[in-house]
Number of protein chains: 2
Amino acid sequence: MVAAGDAMESRIGRMCIERGLKMTGQRRVIARVLSEAADHPDVEELYRRAAILDSRISVATVYRTVRLLEEKGILERRDFGGGRARYEATEEGDHYHLIDVDTGKVVEFEDAEHTALMHRIAERLGFDLVSHRLELFARRKRVPVADMAAPQAAADSKNGPRR
Amino acid sequence: MVAAGDAMESRIGRMCIERGLKMTGQRRVIARVLSEAADHPDVEELYRRAAILDSRISVATVYRTVRLLEEKGILERRDFGGGRARYEATEEGDHYHLIDVDTGKVVEFEDAEHTALMHRIAERLGFDLVSHRLELFARRKRVPVADMAAPQAAADSKNGPRR
DNA sequence: GTAGTTGCAAAGGGTTTGCGAGTCG
DNA sequence: CGACTCGCAAACCCTTTGCAACTAC
């Protein structure tokens, strides 16, 4: 069981406390929105969702919070093209994104082979890999005739085709 | 030998003509700057270099030209982080970039294995790969004792560490 | 001659910030 | 209480655009 004080704290909210962040009402709400997000929302979207739970939140605070959490390693900033940064909670192990160029939906995937290859390449060039970025832009394969709708991994909703 | 009319035209200048672009003085200068660039300049840097050759050029024109050339497939836009787009002439075959996080220098490399892997991954997820993006952020390996300075691939000059 | 191009300055879109007021610990 | 956080609006940065003058073809 969780300690009494953190009982109603969201997963990310608890991470904030662990790292000694002051938990204001706004932060608690944003942390909760982030904890419940299964997609990769941008700041505007986070603001929209947060405002539903507490209308006293301003976009400036969302920007500040998201930046703070990124510095603390709780969040990761993504750039899928389109000009706005998008965020997701830091997860165990590397994973990458495939963006459907027609719908803007994002499919996550892992690939140990790729990760290993990146280290080998950096090594070959005389560097130590610090981080790397990989995005695939692709179009759903046309299914010949029969069955379509083979369920995919996690996928974003909205966010139309890129810019 | 080149046709008389194109004699003093830069490589990219000639590509512009091939695609039926109207060659103004400004475009000729920008095309030349791009043709001679061995790095990945951003618009501000292109403007600076172009202004040396012809001070009647405005940034707006650089933005417009660079955009036009990208649409024509002559240039490719890159995002190495730092908020500004950077450009390089389209080249044969895929190549990627490793950014030295300490100096901001960019090292180019190719890797057929990686390119093939990207197609396989998209395939596996039920997509046809349209394009992909890969950047490595790394730090130069500390050389134990003896010989350093193992020559690298192309590298940018300025452009300090990322934002 | 005419469609396309340019410079200038203003407008846009995303993100940051200065400031006084308010809040967590 | 003291340091930190917030909302607001102005400021920033990069990029795009409206407009009138100009130019390549």
Side-chain angles (χ1 to χ4, degrees), chain A residues 3 5-6 8-9 13 16-31 40-48 50-51 53-72 75 77-87 159-160 162-163, chain B residues 3-6 8-9 13-14 16-31 40-48 50-51 53-72 75 77-87 159-160 162-163:
Chain A
D6 300 5
M8 20 66 86
E9 203 66 62
C16 291
I17 294 172
E18 278 172 29
R19 320 213 175 187
L21 295 182
K22 189 182 284 189
M23 286 310 284
T24 66
Q26 291 88 325
R27 272 186 199 167
R28 215 182 309 278
V29 169
I30 296 171
H40 307 75
D42 56 30
V43 168
E44 191 186 328
E45 178 62 24
L46 287 174
Y47 172 57
R48 192 175 302 124
L53 302 180
D54 182 346
S55 58
R56 297 167 313 175
I57 289 179
S58 77
V59 231
T61 297
V62 178
Y63 272 107
R64 280 192 272 235
T65 303
V66 119
R67 187 181 227 240
L68 178 68
L69 298 204
E70 194 201 351
E71 285 165 5
K72 294 294 183 183
L75 279 190
R77 190 207 317 241
R78 303 287 179 195
D79 166 25
F80 294 155
R84 35 232 292 171
R86 295 170 60 173
Y87 294 87
N159 298 89
R162 51 175 175 156
R163 197 187 258 181
Chain B
D6 300 4
M8 19 67 85
E9 203 65 63
R14 287 193 297 274
C16 290
I17 294 172
E18 277 173 29
R19 319 213 177 185
L21 295 181
K22 191 182 282 190
M23 285 311 284
T24 65
Q26 292 88 325
R27 272 188 199 165
R28 215 181 311 277
V29 169
I30 295 171
H40 306 75
D42 56 32
V43 168
E44 191 186 328
E45 179 61 23
L46 288 173
Y47 172 58
R48 192 175 302 124
L53 302 179
D54 181 347
S55 58
R56 297 167 314 175
I57 288 179
S58 76
V59 232
T61 297
V62 178
Y63 272 107
R64 281 192 273 235
T65 302
V66 118
R67 187 183 227 236
L68 178 67
L69 299 203
E70 194 202 352
E71 286 166 3
K72 295 293 183 184
L75 279 190
R77 190 206 316 242
R78 302 286 180 197
D79 166 26
F80 295 155
R84 36 232 289 169
R86 296 170 61 173
Y87 295 86
N159 300 88
R162 52 174 175 158
R163 195 187 257 180

Under 4.5 Å between any side-chain heavy atoms of B/L69 and B/L21, yes or no? yes
Rounding to an integer number of Å, can you tell me how far [X] [atom1] sits from [N] [atom2]?
X	N	atom1	atom2	result
B/R28	C/dT6	CZ	C1'	15 Å
B/I17	D/dA24	CD1	P	13 Å
B/I30	C/dT5	CD1	C1'	11 Å
A/L69	D/dT5	CG	P	11 Å
B/K22	C/dT2	NZ	P	13 Å
B/D42	D/dC13	CG	P	14 Å
B/R86	D/dT15	CZ	P	12 Å
B/L68	C/dG4	CG	C1'	11 Å

Need to verify one output field. Residue with the more 5' nearest nucleotide on DNA chain D, A/V62 or B/E44? A/V62
Pairwise 5' ranking along DNA chain D for B/M23 and B/V59, keeping only the more 5' one: B/V59
Would one find a side-chain N or O of [X] under 4.0 angstrom from OP1 or OP2 of [N]?
X	N	result
A/Y63	C/dT16	no
B/R84	D/dT15	no
A/R27	D/dT5	yes
A/R67	C/dT15	no
B/Q26	D/dT23	no

Nearest heavy-atom approach of B/R19 to B/K72 is NH1-O, 2.7 Å
Judged by atom type as modelled, is there a donor-acceptor pair below 3.5 Å linking the side chain of B/R28 to the main-chain atoms of B/M23? yes
Tell me which one of B/T24, B/I30, B/V29 satisfies side-chain contact (heavy atoms from CB on, under 4.5 Å) with B/R27. B/T24
A/Y87 and A/H40: aromatic ring centres closer than 6.0 Å? no
Under 4.0 angstrom, heavy atoms only, what part of the nucleic acid is A/R64 near: base, sugar-phosphate, or nothing? base
Give, for atom CG of B/D42 and atom CZ of B/R48, the distance between the pair rounded to the nearest 0.5 Å. 7.5 Å
Which angle, to the nearest 10 degrees, lies between the helix axes at the two ends of the helix from C/dG1-D/dC25 to C/dG25-D/dC1, each defined by five pairs? 40°
Residues in side-chain hydrogen bond (donor to acceptor under 3.5 Å, both in side chains) with A/R67, at least two apart? none
Residue met sooner reading DNA chain C from 5', once B/T24 and A/G25 are mapped to nucleotides: B/T24
